[in-house]
Amino acid sequence: MPRFISEIKRTHSCGQLTKDDIGKEVVLFGWVANRRDHGGAVFIDLRDREGLTQVVFEEDVRPDVHEVAEKLRLEYCVGIRGKVVSRGGNVNPKLRTGEIEVHGTDVEIFNRSEPTPFPIEDSIDTAEEKRLQYRFLDLRRAPLQKTLMTRARVNHLTRNYFTENRFLELETPFMGKYTPGGARNFLVPSRLNPGKFYALAESPQLYKQLYMVAGFDRYFQIVRCFRDEDLRLDRQPEFTQIDVEMSFVEQNDVFDVMEGLIVKLWKECLGIDVPRPFQRMPFDESMARYGNDKPDLRFDMPHTVLTEVVRQHQGGGVPLLLEAVDKKGIVKGMRLPSSMQLSRTEIDKLEEYVKGMGAKGLARAKVGEGGEWTQSPFAKTITAEMRQAINQAMGAQPGDLLLFQFGKESTVHTVMANLRVHLAKKAGLIPEYGSGGQWRFLWVVDPPLFEYDEEAGQWAAAHHAFTRPRDQDLPYLESDPGKVYCWRYDLVLNGFEIGGGSIRLHDPEVQKRVFKAMGISEEDARSKFGFLLDALKMGAPPHGGIALGMDRLVMLLTGAESLRDVVAWPKTQKGTDLMTGAPGDVDARQLRDLYVKSTTEPK
RNA sequence: GGGGUGUUAGUUAAGUCGGUUAUAACGCCGGCCUGUCACGCCGGAGGCCAGGGGUUCGAGUCCCCUACACCCCGCCA
């Protein structure tokens with residue numbers, strides 16, 4: 001064992017010492033963050049997770065120690081002993097410990113370090129590929145350490161909060177039965193059952209409902225979930241949920257509990273008071289005004305739905321718009337005030353951008369002094385009446401630029417939603433993190449229970465098949481399923497969905513009708529969800545719940561730009577781990593033991 | 001599956017119209033330096049220009065393909 005550690009114990013962290021400690025004999029362990037060698041005196045910035053402390057080794061004080069100190073290099077892991085001394089006139093205001101320094105009287109090198117592939121500094125512009133390859137070094141950097149410390153704090157506060165509120169932390173299996181629908185599952189072959197597979201849980205959804213049936217009343221869990229879908233900046237194949245379920249509750253009860261948690265987290269982590277109750281918005285309004293169900297409300301720039309205007313004017317002299325409406329499509333516009341000047345080149349770029357999302361083009365119109373349109377494909381043929389109607393609907397002012405999308409509803413929404421955010425970013429309308437950035441929490445409520453699956457020609461559950469419909473909509477279950485709305489809700493923050501849940505359907509009779517509307521036979525339902533259907537028949541309490549995306553929450557809380565910055569060991573967009581090389585090959589024998597055969601030849 | 005951006009010393013970048021020895025900063029190595037904290041000064045090493053193919057007298061530069069990373073669409077109840 002090193003002499004330090006076994007004989008000489010650490011007394012303080014590197015972020016701790018202040019002028020109150022002057023005169024103390026201290027022992028610090030850490031890494032060499034920087035060195036400044038002045039010959040007779042060597043300055044070392046020693047770093048641990050708490051901060052930096054300057055240590056000085058002087059030749060005339062301890063020549064032998066100074067000699068070792070001269071050999072120190074960046075990222076050597078060392079222990080030092082010395083005396084805390086005032087810096088006098090040489091205070092460094094950038095450091096928390098900047099009023100003092102430690103005059104080293106002893107030092108031990110625990111381990112040397114090769115030159116690191118990138119500097120261990122707060123802000124670096126090293127390619128993420130490199131950072132992921134040496135993740136253990138990236139995690140040594142203060143910003144990531146701070147983020148993970150916040151993450152640990154969120155875990156801790158969450159556990160305390162729910163425990164104090166009579167919730168029980170109960171676990172659920174990761175390896176379960178594959179259930180069709182929803183996210184793609186990771187599969188685990190069963191050695192003991194040839195040809196059979198477990199599925200890794202995409203969420204504890206069914207189990208947590210069964211906890212309610214079992215009478216546990218209030219459940220929570222901070223739990224890993226697995227989904228084999230394509231990755232995004234805010235999506236990892238394994239991620240963490242704060243999972244909650246409650247019996248004998250309605251929507252407002254769920255909101256109360258969750259708002260309480262959020263308020264506590266923001267207060268404790270950022271010192272910010274988040275006002276309650278959070279804003280609520282119906283799903284349909286969110287789609288109409290913002291094109292998705294997770295609007296960023298830190299800026300406005302709403303869409304205007306023009307479908308009815310176009311229909312009333314029978315196309316208003318624009319055949320393309322008439323065609324879009326006739327084919328059950330929609331027409332949307334967005335107004336860019338004259339203050340958001342866009343050059344011709346920028347507009348052309350925008351057009352390429354939207355084409356990448358499936359748009360056929362980007363129709364626009366520049367509004368003139370008298371409300372006339374120029375620079376527009378519609379300008380020549382549009383009737384004055386429809387032009388005026390559109391101007392009025394959109395609140396168009398002279399100098400504004402109007403952007404339009406029309407056609408298939410889902411494409412129009414996607415394109416316009418992305419366009420709205422894209423242009424707001426470009427125009428600097430979104431407050432930066434830490435600059436008085438607003439926290440716009442929003443409950444998106446009251447969505448339709450079903451969405452029409454065009455490929456299957458069927459109504460399908462928009463969320464899952466166990467969401468409770470609104471009582472007043474029950475008559476439409478058979479006649480017009482599209483008109484049935486339900487007790488589902490998403491929690492949205494600044495354009496990210498950070499949680500979602502529902503009040504569950506606990507009535508077996510209504511349950512049957514829902515399956516029927518989706519074209520699922522009783523046998524089908526039984527084979528997939530038999531255990532849950534049984535459970536609902538045996539005294540299932542009314543219940544509901546929610547799951548928060550813990551990683552996303554921490555991402556927003558810390559101002560991180562991607563989920564990869566709040567997950568200690570993340571995967572790349574192709575789902576690989578650049579540090580370990582996972583996923584990797586296994587040998588034929590392992591596969592044989594699992595009764596599995598690959599259809600791909602190893603390269 | 002589709003659209004976009006990128007890949008040049010360890011790192012970050014420059015590299016003109018295709019032209020002869022591919023630059024710089026930081027880091028690294030050696031030397032000097034007792035008040036630095038982006039320490040300073042002197043000297044030095046370090047390159048399969050992502051990989052493959054093509055055009056050309058000549059390719060880091062032009063063309064094609066592939067790989068990898070990132071952003072987006074699809075997908076994610």
Side-chain angles (χ1 to χ4, degrees), chain A residues 33-45 52-61 66 70 73-75 85 87-95 97-98 101 103 113-134 137 179-185 202-203 205 225-237 239 349 352-359 410-411 414-415 417-419 421-422 447 449-451 453 455 460-467 486 488 490 497 500-502 518 549 561-562 564 571-574 576 578 603:
Chain A
N34 199 9
R35 72 185 178 102
R36 294 171 294 279
D37 186 347
H38 286 246
V42 177
F43 296 86
I44 298 295
D45 294 337
L52 285 181
T53 300
Q54 173 166 282
V55 185
V56 195
F57 297 97
E58 291 181 303
E59 196 171 11
D60 8 347
V61 181
H66 174 264
E70 275 199 306
R73 292 294 180 270
L74 295 182
E75 299 313 316
V85 173
R87 287 222 205 171
N90 288 323
V91 165
N92 183 348
K94 288 183 209 156
L95 286 185
T97 61
E101 64 190 5
H103 283 207
S113 174
E114 288 181 12
T116 53
F118 50 83
I120 312 303
E121 291 167 0
D122 287 7
S123 103
I124 60 175
D125 41 18
T126 303
E128 196 173 0
E129 203 173 345
K130 261 307 182 261
R131 293 172 45 204
L132 291 174
Q133 189 184 342
Y134 297 96
L137 291 179
T179 47
R184 209 173 277 118
N185 292 106
E202 61 190 68
S203 77
Q205 183 62 45
C225 301
F226 307 88
R227 293 181 190 174
D228 187 9
E229 295 293 344
D230 285 4
L231 276 44
R232 288 282 190 284
L233 140 111
D234 61 348
R235 275 157 44 181
Q236 281 278 308
F239 60 99
K349 266 193 187 166
E352 288 309 307
Y353 170 71
V354 299
K355 279 181 178 171
M357 289 183 283
S410 59
T411 306
T414 298
V415 170
N418 280 293
L419 205 51
V421 175
H422 183 83
L449 178 61
F450 301 108
E451 56 193 23
D453 182 341
E455 272 181 47
H463 188 54
H464 68 124
F466 298 92
T467 300
C486 64
R488 193 189 114 203
D490 283 342
E497 183 201 317
S502 63
M518 295 192 301
E561 282 174 11
S562 126
R564 293 185 301 277
K571 307 276 192 291
T572 69
Q573 194 156 53
K574 280 191 72 185
T576 63
L578 294 178
K603 282 174 191 167

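Just so it is clear: chains get the letters A, B, ... in the order the sequence lines come, proteins before strands, and each one is counted from 1.
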Indicate whether A:Phe43 forms a stack on B:U36; treat it as stacked only if centroid distance is below 5.5 angstrom and interplanar angle below 30 degrees.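 Yes.
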
What distance, rounded to whole Å, do you find between the two [atom1] atoms, one in [N] and one in [M]?
{"N": "B:U20", "M": "B:G1", "atom1": "P", "value": "42 Å"}
{"N": "B:A13", "M": "B:C65", "atom1": "P", "value": "26 Å"}
{"N": "B:U61", "M": "B:U8", "atom1": "P", "value": "13 Å"}
{"N": "B:C49", "M": "B:G10", "atom1": "P", "value": "12 Å"}
{"N": "B:G53", "M": "B:G18", "atom1": "P", "value": "23 Å"}
{"N": "B:G60", "M": "B:C48", "atom1": "C1'", "value": "12 Å"}
{"N": "B:U11", "M": "B:G46", "atom1": "C1'", "value": "13 Å"}
{"N": "B:G51", "M": "B:A45", "atom1": "P", "value": "25 Å"}

For A:Arg36, I'd like to know if atom CZ has over 12 heavy atoms of other residues, nucleotides or ligands within 6.0 Å.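 Result for CZ/A:Arg36: enclosed.
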
Using whole Å, report how far NE2 of A:His103 lies from P of B:G35.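 Distance, rounded to whole Å: 13 Å.
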
Give [X] one of three labels, base, sugar-phosphate or nothing, depending on what nucleic acid heavy atoms sit under 4.0 Å from its own.
{"X": "A:Gln205", "result": "base"}
{"X": "A:Leu95", "result": "nothing"}
{"X": "A:Asp125", "result": "sugar-phosphate"}

Quick one: on RNA chain B, does A:Pro115 or A:Pro119 contact a more 5' nucleotide (nearest heavy atom)?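 Looking at RNA chain B, the more 5' nearest nucleotide goes with A:Pro119.
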
Given side chains that start at C-beta, do those of A:Arg87 and A:Leu95 come closer than 4.5 Å, heavy atoms only?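 In short, these two side chains touch, coming nearer than 4.5 Å.
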
Using atom names, set out every protein N or O paired with an N or O of nucleotides 69-75 of chain B below 3.5 Å, distance rounded to 0.1 Å.
residue: B:A69; atom: OP1; partner: A:Thr572; partner atom: OG1; Å: 3.0
residue: B:A69; atom: OP1; partner: A:Thr576; partner atom: OG1; Å: 3.0
residue: B:A69; atom: O4'; partner: A:Glu129; partner atom: OE1; Å: 3.3
residue: B:C70; atom: OP1; partner: A:Gln573; partner atom: N; Å: 3.2
residue: B:C70; atom: OP2; partner: A:Gln573; partner atom: N; Å: 2.8
residue: B:C70; atom: O3'; partner: A:Arg564; partner atom: NH2; Å: 3.0
residue: B:C71; atom: OP1; partner: A:Arg564; partner atom: NH1; Å: 3.2
residue: B:C71; atom: OP1; partner: A:Arg564; partner atom: NH2; Å: 3.0
residue: B:C71; atom: OP2; partner: A:Arg564; partner atom: NH1; Å: 3.4
residue: B:C72; atom: OP2; partner: A:Leu233; partner atom: N; Å: 3.4
residue: B:C73; atom: OP2; partner: A:Arg232; partner atom: NE; Å: 2.9
residue: B:G74; atom: OP1; partner: A:Thr414; partner atom: OG1; Å: 3.4
residue: B:G74; atom: N7; partner: A:Arg232; partner atom: NH2; Å: 2.8
residue: B:G74; atom: O6; partner: A:Asp230; partner atom: OD2; Å: 3.4
residue: B:G74; atom: O6; partner: A:Arg232; partner atom: NH1; Å: 2.9
residue: B:G74; atom: O6; partner: A:Arg232; partner atom: NH2; Å: 3.1
residue: B:G74; atom: N1; partner: A:Asp230; partner atom: OD2; Å: 2.5
residue: B:G74; atom: N2; partner: A:Asp230; partner atom: OD2; Å: 3.3
residue: B:C75; atom: O2'; partner: A:Glu229; partner atom: OE1; Å: 2.5
residue: B:C75; atom: O2; partner: A:Arg235; partner atom: NH2; Å: 3.0
residue: B:C75; atom: N3; partner: A:Arg235; partner atom: NH1; Å: 3.3
residue: B:C75; atom: N3; partner: A:Arg235; partner atom: NH2; Å: 2.9
residue: B:C75; atom: N4; partner: A:Arg232; partner atom: NH2; Å: 3.4
residue: B:C75; atom: N4; partner: A:Arg235; partner atom: NH1; Å: 3.3

Has the side chain of A:Glu101 got a donor or acceptor atom sitting under 3.5 Å from an opposite partner on the base of B:G35?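 Under the 3.5 Å cut-off, the side chain and the base do form a donor-acceptor pair.
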
Using a cut-off of under 3.5 Å, enumerate the N/O to N/O pairs linking the protein to nucleotides 38-47 of chain B.
residue: B:A38; atom: OP2; partner: A:Lys94; partner atom: NZ; Å: 2.7
residue: B:C39; atom: OP1; partner: A:Asn34; partner atom: ND2; Å: 3.4
residue: B:C39; atom: OP2; partner: A:Asn34; partner atom: ND2; Å: 2.4
residue: B:C39; atom: N3; partner: A:His38; partner atom: NE2; Å: 3.3
residue: B:C39; atom: N4; partner: A:Asp37; partner atom: O; Å: 2.3

